[in-house]
Amino acid sequence: MNTLPGPQALPRELVLASAGSGKTYHLSSRILGLLAGGAPPGEVLATTFTRKAAGEILERVLMRLAEGASDPEKAKELGRTAHENLAEPIECRQLLARLLSELHQLNVGTLDAFFVRLAQSFFQELGLSPGWTIADEPTEKRLRTEAVQDVLSGADRAEMVELLRMLTRGDADRRVHTAILEHVDTLLSIHRQLDPRAVDPWSPGFGVTERLPGHEIEAKSTELAARLSQFDIPTTKTGNPRKAWEKARDRAFPAIAARDWETALKGGVGAKVVQGEDQFDGEHIPPEFVDLFHEVRSLARIDLAREFRRESQAMG
């Protein structure tokens, strides 16, 4: 009866190759060489990024051994490409039988699976519960739904209505449960990035140091809109107001009065000022327009930061 020798060291290798060039074949040869050299299956580790790739590697190892066990020519090929101990069908059959009996010990899988197994083995050192696992997508969705249900069932109704209004910026067309669930992914992503040492991480400043109450913002926006409506605009050679300027002004000042900052600053003269440009429709932008739209931008930042801050607090 032939016996396999003890483990034999193989030289270190670095293989760089493009897709479809035979890396899986080469890797299976490497694994077969280690096993044929006496390495226990439990001491062989092959990791990939996907389950599909891991399955292909394991399938290639078993298929090549099975082919060598029944085909002398395939066995000779294994002897050349993997290990000299696999040059005969009987040697391939012996290794195949040993490998199949210890297949559960062979570590061929994804990096994620390897790290999970490693963490599960040292759960006490990592401060984790025994038998912990990573939830699959259906389980994760169920847990989130149950968490939202717990929040809704235990919360004060009036407080929940106000928080939901802040969270959705006044949009009350959707169901409460659905509206909160739609925010969960974003909330978890934000929560994982928060500094645990922060005193109030759910109340960011958004880069705005000045804070104004709502009635002052309302009064200021009305005053800016009134000023803009009285501004003279550039004229044509015939003395008529330039149409593009007139349209831009008449579109901007009602938007400012209504605190519709996107309309006020997204197009027209306001957009040019915000972008740092000094011309609109081929005309130099007068200083009074520049100064006013800078004031509009500052007020918009204060107003929007106030709303975003309320939304953030509701999310928290």
Side-chain angles (χ1 to χ4, degrees), residues 4 6-7 9-10 12 24 27-28 30-35 37-62 65 95-156 159-160 163 167 176-202 312-316:
L4 291 172
L10 293 179
R12 296 180 183 274
T24 301
L27 184 58
S28 65
R30 182 76 168 183
I31 294 173
L32 287 168
L34 289 169
L35 296 172
E43 295 182 7
V44 176
L45 170 65
T47 63
T48 68
F49 292 105
T50 66
R51 293 179 182 178
K52 180 182 178 182
E56 289 175 351
I57 293 171
L58 184 58
E59 180 183 19
R60 188 71 62 89
V61 168
L62 294 174
L65 264 183
L95 180 57
L96 181 60
R98 180 167 73 93
L99 179 58
L100 289 175
S101 66
E102 302 176 1
L103 192 61
H104 62 287
Q105 298 182 21
L106 188 64
N107 299 291
V108 180
T110 64
L111 284 168
D112 289 347
F114 172 71
F115 287 129
V116 167
R117 286 172 55 192
L118 194 64
Q120 288 175 334
S121 300
F122 296 94
F123 68 90
Q124 288 183 317
E125 291 82 352
L126 296 172
L128 299 171
S129 301
W132 72 271
T133 186
I134 295 178
D136 55 21
E137 187 174 349
T139 302
E140 188 174 9
K141 287 183 177 179
R142 176 179 58 78
L143 291 173
R144 293 183 182 185
T145 298
E146 291 175 355
V148 171
Q149 290 173 343
D150 287 344
V151 169
L152 294 176
S153 62
D156 177 83
E159 181 182 12
M160 181 55 62
L163 287 175
L167 187 65
V176 173
H177 186 275
T178 302
I180 294 178
L181 268 181
E182 289 178 359
H183 284 77
V184 167
D185 287 338
T186 302
L187 292 173
L188 288 176
S189 176
I190 294 173
H191 181 69
R192 290 166 182 155
Q193 299 177 57
L194 294 178
D195 186 347
R197 299 165 298 180
V199 177
D200 189 7
W202 290 101
S312 296
Q313 291 169 347
M315 288 158 102

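All residue numbers in this chain count up from 1 along the given sequence. Small disclaimer: the values here were computed from a predicted structure and weren't measured.
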Worksheet entry | Partner of Leu32 under side-chain contact (heavy atoms from CB on, under 4.5 Å), chosen from Val61, Leu27, Leu62 |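 Looking at Val61, Leu27, Leu62, the match for Leu32 under the side-chain contact (heavy atoms from CB on, under 4.5 Å) is Val61.
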Fill in: Non-hydrogen atoms of Pro41 and Leu35 that approach each other most closely
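Distance-wise, the nearest heavy atoms are CA-CD2, 3.9 Å.
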Item to complete: Go through the structure and list residues passing side chain to side chain donor-acceptor pair (under 3.5 Å) with Ser189, not counting sequence neighbours.
Response: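 Here the qualifying residues are Gln193.
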Discussion item. Taking CD in Glu137 as the centre, count heavy atoms belonging to other residues, nucleotides or ligands within less than 6.0 Å. Is the count above 12?
Written reply: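 12 or below, so no.
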Discussion item. Could you measure the distance from the CG atom of Asp150 to the OG1 atom of Thr145? Nearest 0.5 Å is fine.
Written reply: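 So the gap between those two atoms works out to 11.0 Å.
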Sequence neighbours left out, cut at 3.5 Å: what donor-acceptor pairs do the side chains of residues 108-129 make with other protein atoms?
| unit_1 | atom_1 | unit_2 | atom_2 | d |
| --- | --- | --- | --- | --- |
| Thr110 | OG1 | Ala113 | N | 3.1 |
| Arg117 | NH1 | Asn107 | OD1 | 3.0 |
| Arg117 | NH2 | Asn107 | OD1 | 2.8 |
| Gln120 | NE2 | Trp132 | O | 2.9 |
| Ser121 | OG | Arg117 | O | 2.9 |

Discussion item. Considering only residues two or more places apart or on different chains, which pairs with a residue in residues 39-61 satisfy side chain to side chain donor-acceptor pair (under 3.5 Å)?
Written reply: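 Qualifying pairs, neighbours excluded: none.
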